[in-house]
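The structure appears below as structure tokens.
Atoms within each ligand, like the ligands themselves, are counted from 1 in listed order. Keep in mind that what you see is a predicted model, and the values were worked out from it rather than measured.
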Amino acid sequence: MTEPEPHTQLLPTINTDSAIIMGDPARVDRSRQFLEDVEDWAFNREYKSILGTYQGKRILIMSTGIGAPSTGIAVEELNNVGVKKVIRVGSAGAMQAGIDLGKLIIGEGVVRDDGLTSKYVPAIYPAVPAFRLLALAHYYAPEAYYGIIRSHDGFYMDDNAKNEAFWSAKGVLGADMESGAMMVIGRQRGLETLSILNNVVLYEGDLAAGVSDLTNGDDLMAQGETASIKLALNILSDQSL
Ligand SMILES: O=P(O)(O)O[C@H]1O[C@H](CO)[C@@H](O)[C@H]1O
Ligand SMILES: O=c1cc[nH]c(=O)[nH]1
């Protein structure tokens, strides 16, 4: 008998090639309302998973916890059970002035400022999304902000302001902690990936306060979260895939 994956508890009997991942297990619960025929799958460590259908397409939604290592495990275990397309629906801090709260930032590529992915492939290897998924994002959400994002490892770093000023000046749009790992490891395993981020911190705003506002359901951020989940569902259920 096939054993469940050790961390996510997934099995090939999830019977879908498409998954949405997100850091926060509570966001998985908030995603239920958009699916039909919802089935709880597992909740082990930080990995909470549900299955359901959206416009006839069966889709897995699963949390990964925070950061590259736990996301790397999630991507590996998704691959082990037959998932081929993964979209991250995360939160981010804006790195350019003028990107309002709740606006969507979609990565055309990621600055790999994490510790894990260079253990897979050298740092000169690009972290990029799948063109097919990115093209569908443009179709369903032409108004989103598209560009380079930065995935980092340290939320409470003494040199945050300096690093953000540096990468902002290079044109980076927003920061998260998982997109780079998902894209690099996903690409190594032959998966198609995309990252859709809901802005929860204005550029040069208070990082911790922004994340708390998301937890407390601030209106603009809640709307951004809903928009990001629906966009991922529309892409993964598109007939062209
Ligand atoms: O809201 P999630 O998906 O967890 O994403 C962002 O929020 C967390 C930090 O507060 C990090 O995981 C970051 O990438
Ligand atoms: O600024 C932010 C906000 C959320 N998550 C991050 O990684 N950075």
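- Residue contacts with ligand 2: E164 is placed with no nitrogen or oxygen under 3.5 Å of a nitrogen or oxygen of the ligand (distance criterion only).
- The existence of a salt bridge linking E39 and R58 is confirmed by a sub-4.0 Å separation between a basic side-chain nitrogen and an acidic carboxylate oxygen.
- A heavy-atom separation below 4.0 Å is found between A92 and ligand 2.
- Under the 3.5 Å distance criterion, with hydrogens and angles disregarded, a donor-acceptor pair is assigned to the side chains of Y125 and Q188.
- Checked for salt-bridge contact, D40 and R32 meet the test: a charged N lies under 4.0 Å from a carboxylate O.
- With F166 as the aromatic partner, K162 does not meet the cation-pi criteria of under 6.0 angstrom to the ring centre and within 45 degrees of the ring axis.
- Closest to atom 6 (C) of ligand 2 among all protein heavy atoms lies A175 O, 3.5 Å.
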Do T226 and N198 pass the side-chain contact (heavy atoms from CB on, under 4.5 Å) test, and can you show the C-alpha distance, the side-chain angles, and the key distance before you say yes or no? CA-CA 9 Å; T226 295; N198 170 29; over 6 Å; no
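- Looking at N15 and T13, their side chains never bring a donor and an acceptor atom within 3.5 Å of each other.
- Residues A74 and T64 share a closest heavy-atom pair of CB-CG2, 3.8 Å.
- Look at D17 and K57 and you find a salt bridge, because one of the NZ, NE, NH1 or NH2 atoms lies within 4.0 Å of a carboxylate O, short of that distance.
- The option with the heavy atom closest to atom 2 (C) of ligand 2, from among V201, L207, N160, N199, is L207.
- For atom 7 (O) of ligand 2, the closest non-hydrogen atom of the protein is H152 NE2, 3.0 Å.
- The existence of a salt bridge linking K84 and E192 is excluded, since no basic side-chain nitrogen approaches an acidic carboxylate oxygen closer than 4.0 Å.
- For ligand 2 and G93, the ligand atoms under 4.0 Å from any heavy atom of the residue are 1 (O), 2 (C), 3 (C), 4 (C), 8 (N).
- Within 4.0 Å of ligand 1, counting heavy atoms only, the contacting residues are G23, R27, I66, R88, G90, S91, F155, D176, M177, E178, V211.
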